[in-house]
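Scope of the values below: all heavy atoms of this structure, side chains included, with no hydrogens, waters or symmetry mates. Here is how names work: the chains are called A, B, and so on, in the same order as the sequence lines, proteins then strands, and each is numbered from 1.
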Protein chains: 2
Amino acid sequence: MAKSPWISDLRWVRTARQPRSRRTLGLLLDAAEELISEKGLDDTAVGDIASRAGCSVGAFYHHFRDKGALIQALLARLAEEFRATMRAAVDPARWEGASIAEILEAYLEFSLEAGRERSGLNRAQLVLALRDPAAGAQLLELQHELGRRLADLLRARRDEVGHGDAERAIDFALEQLRSMLILRLEGVSLGSRLESLGDAEFVREAMASVCAYLQILPPPRPEYRT
Amino acid sequence: MAKSPWISDLRWVRTARQPRSRRTLGLLLDAAEELISEKGLDDTAVGDIASRAGCSVGAFYHHFRDKGALIQALLARLAEEFRATMRAAVDPARWEGASIAEILEAYLEFSLEAGRERSGLNRAQLVLALRDPAAGAQLLELQHELGRRLADLLRARRDEVGHGDAERAIDFALEQLRSMLILRLEGVSLGSRLESLGDAEFVREAMASVCAYLQILPPPRPEYRT
DNA sequence: ATTATCTATAGATCTATAGATAATGC
DNA sequence: ATTATCTATAGATCTATAGATAATGC
């Protein structure tokens, strides 16, 4: 029985031994991410990915056991990119002295900015998650982690909240903001009433809404109009 | 040059001449809707659709010029089903004397109920819209129409609104509710903080949020606790 | 000597058509 | 006589592999 290059059924991506190989692997993942966000997963053939990465189909299969392994690897890379940023962003030390409104406003602004500049990532993620929920589990878990950590930050400030059931209100408010962000960033094909609204105005209205609901003070504004 | 059975390039679905044919056409559309909502568009082969409909691939191509024509026809049928219900639901006469809060609460409850019992439709619609925005345009236009008509109903009641810019606030509130509905109904694979929340509690919190934001009175409750 | 890549192709789908057969309605 | 359906299959992809060639690092 010939020795398989694949370490186990759980390890479908070959461990590179040469820098050249690592480079090709990165190019393949880049190409896949681009193509999937442009055309969707099923219109992206392995041959397309290989040729955009500037290598052959054979090279592709040197690195990945099959097309599914590429998807796993791509999701893993997306997750890795997200993890570090996310954890730094919700570090409690970073937010000492900040109010709920300040934290939520920063969450909105950061998510919009990150979503705009990396729209391929979002679209690829959405496509992959809709196609195969299990494969997107690691990324999903990070989304949950972000949610939990944000909720922790807010719960530590529950004294600010006027809403009767602070726990539930915090969860609901976060879900509300997350829903709007997802649709605003990726829901073009689902239509929107707010196409004419700029990001800054969107953030302002979202903050007005969430502050009214939670019964907290609005974020301090550097402008003349408080 | 043989006469084409297709009337023009814009008419890709054959006009049935016999009741038997209409029945088969309906069965094909049913089968397609089911399979697409179960497995997605690309894992649904024409052969799968034909066999679930209990006919052959040949019969499929008697009715549809190609697979794209089926998608168009399916979207057209979904749109037709939606149109009548939607127009009746937002008929101004139906809502005479109702407050903004009552209208929005009914919108939430109706959307959740309809979404639950016809989840296949929603999923198929989401899949089709993400895949080919142009093909979903007719359904999208109906979504916009629903949004406009709802907004009209609310604008006619703008005196109830305490928010400074009633127009913008109405648009924003509708978009907020729509975002949450879409994610709640179809965003399972995208994760949610509110999985444990029942529909009734979801509606209550959403109403609390939107009433606080718009600065309107909450919906009258038949319960002991106003 | 090992690792990485390329070329060429077998095998598995899947779409769409051709041509034969069956059902319908005048 | 026309409409609807079925069977069988050609042609187009697309995935994954086999075997040869090139690059790397000890």
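At most 12 non-hydrogen atoms from other residues, nucleotides or ligands lie less than 6.0 angstrom from CZ of B:Arg23.
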- [ ] For B:Glu109 and B:Glu113, run side chain to side chain contact (heavy atoms under 4.5 Å, CB included): C-alpha distance rounded to whole Å, both residues' side-chain angles, the deciding distance at 0.1 Å, then the answer.
- [x] CA-CA 6 Å; B:Glu109 282 167 352; B:Glu113 194 189 314; over 6 Å; no
- [ ] Could you check B:Tyr213 against B:Gln176 for side chain to side chain donor-acceptor pair (under 3.5 Å), going step by step and ending with a plain yes or no?
- [x] CA-CA 11 Å; B:Tyr213 168 61; B:Gln176 192 174 49; over 6 Å; no
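Annotation: side chain of B:Arg168 is in contact with side chain of A:Glu201 (closest heavy-atom distance under 4.5 Å). With contacts defined as side-chain heavy-atom distances shorter than 4.5 Å, the pair A:Leu174/A:Leu104 qualifies. Looking at heavy atoms from C-beta onward, A:Val90 lies out of side-chain contact with A:Glu145 at the 4.5 angstrom threshold.
B:Ser21 comes within 4.0 angstrom of sugar-phosphate atoms only, judged by non-hydrogen atoms across all strands, and of no base.
When the P atom of D:dA4 is taken as reference, atom CZ of B:Arg23 falls 14 Å away, rounded to whole Å. Atom CZ of A:Phe64 is separated from atom P of C:dA4 by 13 Å (rounded to the nearest Å). With rounding to whole Å, A:Asp43 atom CG is found 12 Å from D:dT13 atom C1'.
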TODO: Let me have a per-nucleotide readout for nucleotides 15-26 of chain D, 5' to 3', with B, S or -, counting only protein heavy atoms under 4.0 Å.
DONE: SBB-----SSS-
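Remark: A:Gln18 engages no residue in a side chain to side chain donor-acceptor pair (under 3.5 Å) (not counting sequence neighbours). For the side-chain contact (heavy atoms from CB on, under 4.5 Å) test, residues two or more places apart in sequence or in another chain that qualify with A:Ala73 are A:Val13, A:Leu29, A:Phe64. Legend: residues meeting side-chain contact (heavy atoms from CB on, under 4.5 Å) with A:Ser111, ordered by chain and number and at least two apart, are A:Tyr107, A:Leu181.
Across residues 24-31 of chain B, B:Thr24 each have a non-hydrogen atom less than 4.0 Å from an atom of DNA chain D (numbered order).
The existence of a salt bridge linking B:Arg77 and B:Glu80 is excluded, since no basic side-chain nitrogen approaches an acidic carboxylate oxygen closer than 4.0 Å.
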Open item on the list: Output the pairing pattern of DNA chain D as a dot-bracket string, 5' first, Watson-Crick or G-U wobble with both distances under 3.5 Å, | for cross-strand pairs, [ ] for crossing pairs.
Closed with: ||||||||||||||||||||||||..
